[in-house]
Amino acid sequence: MAVSERNDPTTRRSPRRRGTLLACAAVASTLAFSTVACGTDEEPVHSIGYAIDNTVTTYNANTVDGAASGARQAFARVLPGFGYVGPQGRVIADTDIGTASVVPGEGLTVQYRLSPDAVYSDGVPMSCDDLVLAWAASSGRFTAPDESGEQVPLFDAAHRGGYADIDRVDCQPGSKEATVVFRPGREDTNWKALFGATELMPAHVAAGRSGVSDLVGAITTNDTEAVRRIAEFWNTGWSLTPGEIDPALFPSAGPYRIESYTAGDGLTLVANERWWGNAPGTDRIVVWPRGTDASAAAEDGRIHVVDAAEGSIGHSNLGDGAEVSTVVSRNLEQLVFATSGVFQNPAARRAVALCVPRTQLFDELGASDESDGVTGPITSRLLAPDSPLYPQTVPTAEGYAEVDIDAARSEREASGQDRMQVRIGYLGPDERRARTVELIGESCREAGIEIVDAGSDTFTPSQLTAGEVDAILVGTATAAGAGGAADMEHARDALHSGAGSNVGGYSIGRVDELLDGLLVAKDNAAIAGLATEAERILWGDVPTLPLFAQPRTIGFAAGMHAGVPNPTTAGAGWNMDRWILGG
């Protein structure tokens with residue numbers, strides 16, 4: 001197998017606080033997926049604890065709240081796909097699952113072939129049914145009228161992206177092959193990101209639990225009633241509650257499978273006996289998300305890996321000799337505003353944006369790396385700071401570069417409100433985000449805007465849609481913890497009216513057109529033109545307010561082999577099956 005980025009020790013590190021990455025990881029990078037042990041007399045431990053700054057409430061990382069949760073960090077090596085996000089933020093092919101190749105001809109057609117050995121831990125083979133379900137859920141094609149008669153998606157999918165451009169998925173039920181045909185003129189440049197890690201859910205479970213004997217047939221023929229039942233299960237059937245685990249619901253297609261989940265003992269992943277690839281380096285990984293007794297586990301020395309926004313959790317001490325680095329994340333901290341209630345008028349959103357101390361927030365809480373273009377508050381929602389096109393978006397954000405209380409007061413008055421009260425929700429407890437809200441409140445008070453800290457340990461982004469809060473403080477595409485990738489596709493998608501991750505309900509037809517154009521734009525000139533026009537509109541409407549690149553603290557205990565920071569949506573657990581502690 002070719003050398004893989006899964007064990008690449010290189011990563012983006014902040015000059016503010018640089019850690020030394022494990023020397024052994026450099027050896028691991030030359031050995032691809034092989035097991036690595038380097039120069040220590042200690043016996044390898046058989047269980048590694050992994051703490052993250054997010055909740056894990058579902059097996060399905062593709063729902064609105066699932067995508068914002070820690071499911072992608074927990075299950076990247078439980079539910080792998082045709083690719084994964086590597087440390088540089090780009091998608092790398094995962095040939096253990098299968099191969100994908102473009103079929104010559106007009107338009108874009110991709111042939112997917114699953115490995116002949118690919119099988120779930122319950123003994124059911126992986127099949128093209130899994131791709132059909134992933135497409136159906138995220139395409140937005142399957143809708144039904146709600147109580148008001150408006151057509152709404154049956155699936156509560158967070159992201160759409162290239163799935164919306166797929167015309168059909170040709171699949172013989174149970175087959176190892178699928179032909180994915182894109183609509184004419186929609187040759188998505190980032191098609192390799194589709195059907196990736198955590199996106200292929202076990203279709204046979206969805207079919208069985210929803211009582212649909214032929215899932216592919218129901219979706220292909222648009223059998224609305226059958227698809228509705230499939231969607232109802234897909235939306236909520238894979239929920240995860242500590243202490244209430246039905247193993248039959250959670251079969252694995254990766255090197256690990258779920259064994260148990262309790263608050264006291266964490267989310268336990270064990271080696272999947274049916275995994276057809278290289279055996280994992282450690283038998284057991286225990287994920288410690290928010291909502292578990294992670295602090296007690298840290299005190300007992302049961303946590304060996306931490307991946308969290310800098311200073312967001314209090315149990316990051318990994319003991320003497322730990323290798324800890326603070327990296328500039330692909331995750332962009334932002335405020336997402338509702339487009340109803342107090343923020344129905346765009347002037348109200350502009351008022352808050354004008355009194356937010358973005359430079360002060362960056363100086364105190366943001367990450368900085370001149371080599372990656374991260375030198376101040378983020379000015380683009382659509383282009384990554386290290387993109388050569390990013391500087392072209394800077395002028396569009398100049399009006400919000402510094403606090404302007406008089407302008408903020410004027411915009412508040414223009415919105416028709418004598419005073420404003422804004423409830424900002426986020427996943428807590430989180431000292432960093434609490435401090436962010438505090439600083440915003442101190443600044444905006446002078447403009448007649450009261451900021452209320454609505455952080456909660458039960459927070460989900462959908463609370464914004466429900467009107468329970470007025471704005472949310474989150475990362476890229478509403479992620480509460482790790483997030484982001486180099487392609488910015490999920491960040492862009494979260495501003496599209498057809499995407500579930502657009503929890504603020506922002507809907508502008510021209511912005512949708514520009515975002516759709518970015519999916520298929522093939523040259524820098526086209527991308528720059530589309531992004532610049534879209535940013536002009538977005539800085540006028542302010543559905544979101546970019547703040548700063550999130551610094552993430554990623555640490556590995558002394559003696560950890562193949563621990564490689566991944567400051568993206570994949571998190572540090574992207575290659576957990578290669579981890580070995582001691583040995």
Side-chain angles (χ1 to χ4, degrees), residues 17 19-22 24-25 40 42-57 69-78 240 242 256 258-271 280-327 427-432 457 480-482 551-567 570-583:
R17 203 174 305 170
T20 303
L21 301 183
L22 299 176
C24 181
T40 173
E42 296 181 8
E43 288 294 320
V45 300
H46 298 289
S47 181
I48 293 175
Y50 171 36
I52 60 175
D53 60 337
N54 207 341
T55 58
V56 175
T57 56
S69 77
R72 295 192 189 279
Q73 291 78 60
F75 301 130
R77 302 305 293 150
V78 176
L240 278 168
Y256 289 107
I258 295 178
E259 181 183 64
S260 63
Y261 189 18
T262 66
D265 294 319
L267 173 61
T268 301
L269 309 178
V270 296
T282 298
D283 299 335
R284 182 183 302 263
I285 305 291
V286 181
V287 183
W288 293 95
R290 289 183 182 271
T292 61
D293 295 338
S295 294
E299 291 176 5
D300 295 342
R302 288 179 287 155
I303 291 180
H304 314 94
V305 179
V306 170
D307 184 356
E310 184 180 23
S312 64
I313 59 177
H315 45 265
S316 57
N317 184 4
L318 299 175
D320 295 339
E323 300 288 348
V324 180
S325 57
T326 296
V327 299
L427 181 63
D430 186 325
E431 292 184 5
R432 287 177 52 79
D457 61 0
R552 292 195 68 79
T553 296
I554 302 177
F556 301 94
M560 178 71 76
H561 308 313
V564 182
N566 187 330
W574 69 292
N575 70 336
M576 63 171 64
D577 54 315
R578 298 299 93 213
W579 290 347
I580 301 173
L581 183 57

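Predicted model only: the values in this text are computed from it and were never measured.
- Residues passing the side-chain contact (heavy atoms from CB on, under 4.5 Å) test with A309 are D53, S312, R432, Q550, R552, sequence neighbours excluded.
- The shortest heavy-atom contact between A294 and I303 is O-CD1, 3.4 Å.
- The two atoms that bring I554 and A572 nearest to each other are CG2-CB, 3.9 Å, heavy atoms only.
- Heavy atoms only, all atoms of each residue included: S69 and N54 are closest at C-ND2, 3.0 Å.
- A heavy-atom distance below 4.5 Å is found between the side chains of T292 and Y261.
- Residues satisfying the side-chain contact (heavy atoms from CB on, under 4.5 Å) criterion with S47, sequence neighbours excluded, are R284, V286.
- With hydrogens and angles ignored, the 3.5 Å screen pairs no side-chain donor or acceptor of Y50 with any backbone N or O of M576.
- Residue P242 comes nearest to A263 through the heavy atom pair CB-N, 3.8 Å, listed as atom of the first residue, atom of the second, then distance.
- Here the side chains of H304 and M560 are in contact, with some heavy-atom distance below 4.5 Å.
- Pairing each heavy atom of T282 with each of Y256, the nearest pair is O-OH, 2.7 Å.
- Shown here for D265 and W288, the closest heavy-atom pair between the two residues is C-CH2, 3.4 Å.
- For the atom pair Q73 CD and D307 CG, the distance stands at 7.0 Å (nearest 0.5 Å).
- The CD1 atom of I258 sits 10.0 Å away from atom OG1 of T268, with the distance rounded to the nearest 0.5 Å.
- Using a distance-only test at 3.5 Å, with no hydrogens or angles considered, a donor-acceptor pair links the side chain of H561 to the main chain of G582.
- Here the CZ atom belonging to R77 is positioned 9.5 Å from the CH2 atom belonging to W574, to the nearest 0.5 angstrom.
- For D320, there are no salt bridge (Lys or Arg N to Asp or Glu O under 4.0 Å) partners at least two apart in sequence or on another chain.
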### Query
Passes side-chain contact (heavy atoms from CB on, under 4.5 Å), V287 versus F75? Steps please.
CA-CA 10 Å; V287 183; F75 301 130; over 6 Å; no

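- To the nearest 0.5 Å, atoms CG (L581) and NE2 (H46) are separated by 11.0 Å.
- Between the CG atom in L269 and the CG atom in D283 there is a gap of 12.5 Å [rounded to 0.5 Å].
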### Evaluation steps, side-chain contact (heavy atoms from CB on, under 4.5 Å), between V306 and T553
CA-CA 7 Å; V306 170; T553 296; 5.5 Å; no

